[in-house]
Structure formats: C-alpha cells, structure tokens
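So the structure is just underneath, and the comments pick up after that.
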Amino acid sequence: MSVQINYKSNNSKKVSSNLVLFVDEKFNINGLKKYVSNSEFLYISDLLKTSDLKKNLLFFEINSKKTIFLVSIKSDMKVSDVEGLGAKFYGYIDYKKKSDYFVNSDTANNKIKNFVGHFLHGLKLKSYEFNIYKSKKDKKLVSINVIGNKNKISLNDQLRFKALEEGTFFARDLVSEPGNILHPDEYAKRINSLKKFGLKINVYDEKKLKKLGMNALLGVGQGSVRGSYLVTMEWNGAKNNSKSLAFVGKGVCFDTGGISLKPAKFMEDMTYDMAGSATVVGLMKNLALRKAKINAVGVVGLVENMPGGNAQRPGDIVKSYSGKTIEILNTDAEGRLVLADALTFTEKKFKPKFMVDLATLTGAIIVSLGSEYAGLFSNDDKLSKQLLEAGDKVDEKLWRMPLHKNFDKLIDSKNADMQNINYVGGAGSTTAAQFLQRFVLNKTPWAHLDIAGMAFSKYGGALNSGGATGYGVRLLNKLIEDNYE
Ligand code: BES
Ligand code: MN
Ligand code: ZN
C-alpha cells in the first residue's frame, strides 16, 4: 500500500478519523485531553490499566472510522529507533477502513530533532512495494496528515526526507526489475532520464569504451546481445570548485556466471547483481532532488554476464584501462573486472576527494556477515570511520574487513599481472577487494562495500517489507550530510 504524507494543518484539535498521539515511557495520557473527547479519554484510561506498558505502541478502536494509536517515546531512543517505530506503525494501518490518518506533532515532545519526520520517514520507507507486473492490483493509497503547531518540520527538512525516500525507491525499483526488462541498454536510458533533475549524464557506449581501452569491463559484456556501458552522473552543487566525492557501482544486470556458468538453483537472484550501481544512481538522484551543496560524481559499469559464442573464456587475458593485464580464470568473478576499469577511470578523470564503490561482489561476504553487515574494505582509516559511523546512525551497518599485501600472492598470475580468482581458496571477499585496490593508482582514499548480503531481503527488515532494500542510499547520504556539507 502506498502512503501519501501531507504536512499542512496547524490545527491539532479533535479529529474524527484515525489519530496518532505520542506519549511518554509510561503511557501517561494526562496531557491529551485537548485532542480526544471525554468519553475517548475515559475509555483509554480504563483500558490502559490492563495494557502491557512495555510495548511501544498501543491502539484503541473507537468506532469503524476511528482508531486512536498511542506511540510511546522511550527516553533512550535513537533516530533509527524512531524510524523503526514509524515502520512498525505502518503494519497497523488498515487500508480497508478508508479513513485518513492524523499524526499529532504537538504531542511529540522529544530531544530528537524532527521526531515526527523520522517517524514518517520510517513509515514511508516500509511502505514500498514493487507490484508493477501484477495485472490485478487495487490502488491502495492511504493519506497521512501531520497536524499541530509544535515540533514543526521545516520545508527544507521535508524536502530532504522526500528526496531520500525517492532516491531509495528509485534504487529499489532498479534492483527489482527483472533481467529481461532492465538490461544494460534500458538501464543506460533510465539513468539518462535523470538529466531533468540537473544531473550531468555521460554515457560511454562500447565504441567509446573500446577507444578508452576498458577491456576488463568490455570482456564481461561481450557474450551478451545487449550493449555494455559506463555511465557518469555529475552533481555540482558546491559554490566553489571543491573536489568531487565519487561513488562507483557494479551494474551487472544479470550474472549467469558466463562460461563458468552458475547452477540453476537461485540463479534468478542474480537479477539483483546490479544493486551496487542502483545505490549509486539512487544516491545521485537524492542529491539532485535536495540540491545538496556538494560536488559529487556517480560512475556505474553496466553489463550483462552471459555465456555464448562470443563470450569470454576461462584463460583469456585482457588488458585493463589501467594498463595492467588480467588472466580470467573464472568468468563468474566478473564484478571486480567491471569495477577495476570503473575505479581507474573515476580516479583519473575526476581526481576525486575519495572513492566509495558498492558491489554485490562475493558470496563469501554472506558467509562472513550474513544479512546484518556489509563488508567494508578500505585504504583509509578516516573514511572508514566516517562510513562506520554513518552506517550505525541509519542502521545500514558495516563491518571493517582486512586488506593486506600478504593476500597479493593469491591473485598474482603466472601469465599476466594478476588473475581474477584465488585458486588456493579462503578469504574470498578480501582477495576480491585486494584485486580492486590494484586499480586505485594514485593513493586516492578509497572504500569498497561488499553488499552481496544486504541488497535483497527475502523476509524484509526494519525499514523494508521484503525485496530490494536500497541498502546504501541512506548510509552514503548520511556520510555526506555529516562530514562534507
Ligand atoms: N554476483 C556474484 C556474487 C553474489 C553471490 C552476489 C550471491 C549475491 C549473492 C559474483 O559475481 C560472483 O559470482 N562471485 C563469485 C566469485 C568466485 C567465482 C571467485 C562467488 O562469490 O562465488
Ligand atoms: Mn559472478
Ligand atoms: Zn556478479
């Protein structure tokens, strides 16, 4: 069900539709008499005597059009808890009642700035669903109205919440689209359409990539009937010429494994192998929508990894954009090949302040961290710290994993400068990251986020209802907001 959030009314008096009121830890309702009728007040007081006050949400059905919700503000709440609470409230919305919801901001006295904004942000994020391919769908729309004179959310902050929701939803849409629809040709077009928000988009097609010498990226896509692309998205929101922050994403629209073919079971999951790029695209859309006062660039490599008569073979040797040669021992280790060229290109062309790449890069990171943390690999402690802190704040958690020169011997090749897999075995995520690091040529601060376990959630999480999570959009937005604006 989709929700529409309206911030408009100054009137916080009694309403005849569903009403959300905030109360303290103990569900003290003495301050609520202004907002409910006498009989409602007595009714709720009575029921509270036998309610479990440890809960953070209680509801009281008044009549067929009206339910009163009491949401308890615990004293140790963090912003992410408030968002989680909003998401939880989403589960209580009864669409069939066909009556509006009113959220009273006057009652939301709390230390946390924009408490109600965060509550509704969590609710909105949780409400996302991807149903465009269902032929039978009833348009379920619920409107939620914020009322009250106190704890107002500034227009600018409203816009920021909305931009972040739209950026996240855009990323989720891209990840949710199946491989037959969102192939590289279509993906490049969709990114190109973001021009209208003020992003400068450059699409490098195969011809241009060949000229540039991006053979690592091109090799991955050569078995596909679709094109291969590198797309850059620039946002220049800073008044000065400050260095850009760079975000680079793996955009493998479908990963069959190529000639090193994956097993059939769960191969369909590989439609989300472009999630890293989707996060970058969603982030850039968010930055443009909220007119962030920074310079940033997003770079994504878009390919489809297919077997076929023209596909890359195990044993092939390619020369990357960096000039370094790579022996392809396994065509299923393709993400690092795409990112290798994208990273070198980004560093050379934009000379960024830092580069953060995101990729559903290894199954091994799921073995290590499951679906709780993304793996963080970095050559820079300061950037790592900023990322870890941002992740904690928005509850898109990261866990730092090692890089070390001793892993290099595992990817050194007899026949070329390096090979794309480690045949000794072990440390699958680290050797992949160690591989990527070889393509950062000028010591630019760089971080790699392996999000293979985070991009998609079968059962849903705090702020998503299952499916594409949009992981990373809020994390990187927070990184920027807290450290670079
Ligand atoms: N896209 C996969 C990694 C992946 C696996 C993402 C599961 C999400 C869920 C990647 O391209 C891949 O195939 N990696 C191989 C590397 C191996 C061949 C060295 C893997 O993890 O098995
Ligand atoms: Mn693969
Ligand atoms: Zn892949």
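Counting starts at 1 for both ligands and their atoms, in listed order. Bear in mind the structure is a predicted one, so any value in this text is a computation, not a measurement.
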List, for ligand 1, each N/O atom that has a protein N/O partner under 3.5 Å away, with both atom names and the distance.
{"residue": "ligand 1", "atom": "1 (N)", "partner": "K250", "partner atom": "NZ", "Å": "3.3"}
{"residue": "ligand 1", "atom": "1 (N)", "partner": "D255", "partner atom": "OD2", "Å": "3.3"}
{"residue": "ligand 1", "atom": "1 (N)", "partner": "D273", "partner atom": "OD1", "Å": "2.8"}
{"residue": "ligand 1", "atom": "1 (N)", "partner": "D273", "partner atom": "OD2", "Å": "3.0"}
{"residue": "ligand 1", "atom": "1 (N)", "partner": "T360", "partner atom": "O", "Å": "3.4"}
{"residue": "ligand 1", "atom": "11 (O)", "partner": "K250", "partner atom": "NZ", "Å": "3.3"}
{"residue": "ligand 1", "atom": "11 (O)", "partner": "D255", "partner atom": "OD2", "Å": "2.9"}
{"residue": "ligand 1", "atom": "11 (O)", "partner": "D332", "partner atom": "O", "Å": "3.2"}
{"residue": "ligand 1", "atom": "11 (O)", "partner": "E334", "partner atom": "OE1", "Å": "2.8"}
{"residue": "ligand 1", "atom": "11 (O)", "partner": "E334", "partner atom": "OE2", "Å": "3.0"}
{"residue": "ligand 1", "atom": "13 (O)", "partner": "K262", "partner atom": "NZ", "Å": "2.8"}
{"residue": "ligand 1", "atom": "13 (O)", "partner": "D332", "partner atom": "O", "Å": "3.0"}
{"residue": "ligand 1", "atom": "13 (O)", "partner": "D332", "partner atom": "OD1", "Å": "2.8"}
{"residue": "ligand 1", "atom": "13 (O)", "partner": "D332", "partner atom": "OD2", "Å": "3.2"}
{"residue": "ligand 1", "atom": "21 (O)", "partner": "G363", "partner atom": "N", "Å": "2.7"}

For the residue pair [X] and [Y], categorise the inter-ring angle as parallel (less than 30°), tilted (30 to 60°) or perpendicular (more than 60°).
X    : Y    : value
Y101 : F89  : perpendicular
H448 : W446 : parallel
F169 : Y128 : tilted

* To do: Evaluate the salt bridge (charged side-chain N to carboxylate O under 4.0 Å, His left out) criterion for residues D157 and K113: first the C-alpha distance (whole Å), next the side-chain angles of each, then the deciding distance (0.1 Å), finally the verdict.
  => CA-CA 10 Å; D157 285 346; K113 191 187 167 218; 3.2 Å; yes

* To do: Could you grab the protein N, O or S atoms closer than 2.8 Å to the Mn ion (ligand 2) for me?
  =>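 The answer is D255 OD2, D332 O, D332 OD1, E334 OE1.
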
* Test side-chain hydrogen bond (donor to acceptor under 3.5 Å, both in side chains) applied to D269 - qualifying residues, sequence neighbours left out ->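 Partners of D269 under the side-chain hydrogen bond (donor to acceptor under 3.5 Å, both in side chains) test: none.
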
* Asked: For the residue pair F354 and Y484, is the inter-centroid distance of their aromatic rings smaller than 6.0 Å?
  ->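 Centroid separation for F354 and Y484: below 6.0 Å.
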
* Row check, F170 ring normal vs K285 NZ/CZ: under 6.0 Å, within 45° ->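 Yes, K285 and F170 form such a contact.
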
* Asked: Is the Lys NZ or Arg CZ of K458 less than 6.0 Å from the centre of F266's six-membered ring, within 45° of the axis?
  ->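 The answer is yes; both the distance and angle limits are met.
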
* Is the shortest side-chain N to carboxylate O distance from K126 to E83 below 4.0 Å? ->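 Looking at K126 and E83, the cut-off is not met.
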
* **Ion pair check, E165 and K162, cut-off under 4.0 Å** =>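 No, E165 and K162 are not salt-bridged.
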
* More than 12 heavy atoms from other groups under 6.0 Å of CG on N415 ->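 Count over threshold, so yes.
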
* Does atom OH of Y133 have more than 12 heavy-atom neighbours, drawn from other residues, nucleotides or ligands, at distances under 6.0 Å? ->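 Buried by this count: over 12 neighbours within 6.0 Å.
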
* Asked: Given E186, which of R190, H183, K189 fulfils the side-chain hydrogen bond (donor to acceptor under 3.5 Å, both in side chains) condition?
  ->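 Exactly one candidate clears the test, R190.
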
* Asked: Protein N, O or S atoms at less than 2.8 Å from the Zn ion (ligand 3), how many?
  ->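 Count of protein N, O, S atoms less than 2.8 Å from the Zn ion (ligand 3): 4.
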
